[in-house]
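All heavy atoms count here, side chains included; hydrogens, waters and symmetry mates do not. To find a chain, count down the sequence lines: A is the first, B the second, and so on, and within it residues start at 1. Note that this is a predicted model, so its numbers are computed, not measured.
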Amino acid sequence: MEKIKTPILLYFANLIEKETGIIYSQENSYQLENRLLEICKALEIETLENLFKLAQDGGIQGMKKQFLMDVATNNETSFFRDSKTFKAFEKFMVPEWLCKKKEGQQLRIWSVASSFGQEPYSLSMLVQEMVESGMKLNSAEILCTDISDRALKRVKNATYSHLEIQRGLPANLMVKYFEKTSDDSWKVKSEITQRVTSQPMNLLNIYGIRGLYDIVFCRNVLIYQNEEKKKEIIENLSAFIPSGGYFIMGAAESLFGLSDKFNQVSYESAIFYQRK
Amino acid sequence: MRILSIDDSKSVHAFIVLCLENSGHSLQLANNGNQALEIITASPDNFDLILLDWEMPGLTGPEVLEQLMKMKITIPVIMVTTKNNPEDISRVLDIGAREYIMKPFTKDILLEKIQSLG
């Protein structure tokens, strides 16, 4: 990997590596430059040189620094990502589960690769909204797992930057379920975090999971695996889904050819899978 | 969508123009609240969405919003402002703003918020 040649870009690359561990090299320095130029425009700073001067003078702190890190590292995670899936969860999967549930049964949801927590907290907010609308979901539980300790720490902190909080989250839910912290970040309120638990998990070696999960979100996880590994992971996960339970993949993913244990279901334009 | 952006800052408008380039949306600009109200009342059917700054010379964003509500103009409004206190956000949502963008923001945030009201 070749070191960045342009001094200004190298300065920011070093800063980003120190803060996030993400490395920019000469090969992708153009991406860094484009992202820094976007930061300049958003922060109303005329040139990259001025941004560099400001950073050297200590003028990039707090929210501006977080903004720089978020944009420079292209943090794409958002709340309610692929909104039609959440609509299907709210309007189809949960109501159907409510019709079939046994007396006293708890709704159990598993967010398989929860990343920084936007998915499980989006689900918890929706559950809360459903509870407030009169649905009897008082004892819902959301488990989130991830292979990355860093990601799970973020889930536990439940705190999001100025930029992260604006991705996918409607303003009314933001003010209802988050509180602003002294450093311009936003922390999820306890009424939403209290039904979410987290634990580390390697999908190729699942252990420590107790009981079955009625709805399993496994979105954009398997895209990084070859076909053999995909089949193995789905086989592992299917052992934790009861008959009639749901398995949800990313918008561009499909179970086709990977498992015969599920039927495909669609609600409006969302597609998901039901355990046979 | 046909969007009216109301902001006294030229650099904010320049950024919004850049964000909406090739997005399929059309954009008209107003530099203050009074000018915006004139444009809207003259032809309220010309707009699908309003982007509204808070602090401007003359009428403030919330005052413009209140005027729109009084006139029963139902074009969805997204506040676009540096104010980031939950109380301020709740206040304008209560008045009738549909969404809220805190500055500084990115192109993705602006486009997503616009799309969410589409």
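Between the His25(B) side chain and the Leu20(B) main chain, no donor and acceptor come within less than 3.5 Å of each other. No donor-acceptor pair closer than 3.5 Å links the side chain of Ser190(A) to the backbone N or O of Gln194(A).
A salt bridge links Glu99(B) to Lys113(B): one of the charged nitrogens lies within less than 4.0 Å of a carboxylate oxygen.
Both the backbone and the side chain of Thr106(B) come within contact range of chain A, each with at least one heavy atom under 4.5 Å from a heavy atom of that chain. With a 4.5 angstrom heavy-atom cutoff, Lys107(B) touches chain A via backbone and side-chain atoms both. Contact annotation for Leu18(B): only side-chain heavy atoms (C-beta onward) come within less than 4.5 Å of a heavy atom of chain A. Of the two parts of Leu169(A), only the backbone, made up of N, CA, C and O, holds a non-hydrogen atom closer than 4.5 Å to a non-hydrogen atom of chain B. With a threshold of 4.5 angstrom between heavy atoms, Ile39(A) does not approach chain B through any atom at all. With a 4.5 Å cut-off on non-hydrogen atoms, Phe15(B) touches chain A through its side chain but not through its backbone.
With respect to chain A, the highest number of heavy-atom pairs below 4.5 Å among Ile89(B), Leu93(B), Val12(B), Ile109(B) belongs to Ile109(B). Comparing Leu43(A), Leu163(A), Ile165(A) by heavy-atom pairs within less than 4.5 Å of chain B, the highest count is held by Leu163(A).
For the pair Arg2(B) and Phe47(B), the NZ or CZ position fails the cation-pi test of under 6.0 Å to the six-membered ring centre and within 45 degrees of the ring normal.
Between Tyr160(A) and Phe79(A), the distance separating the two ring centers is shorter than 6.0 angstrom.
With a 6.0 Å radius and a threshold of 12 heavy atoms from other residues, nucleotides or ligands, Lys87(A) has its NZ atom at or below the threshold.
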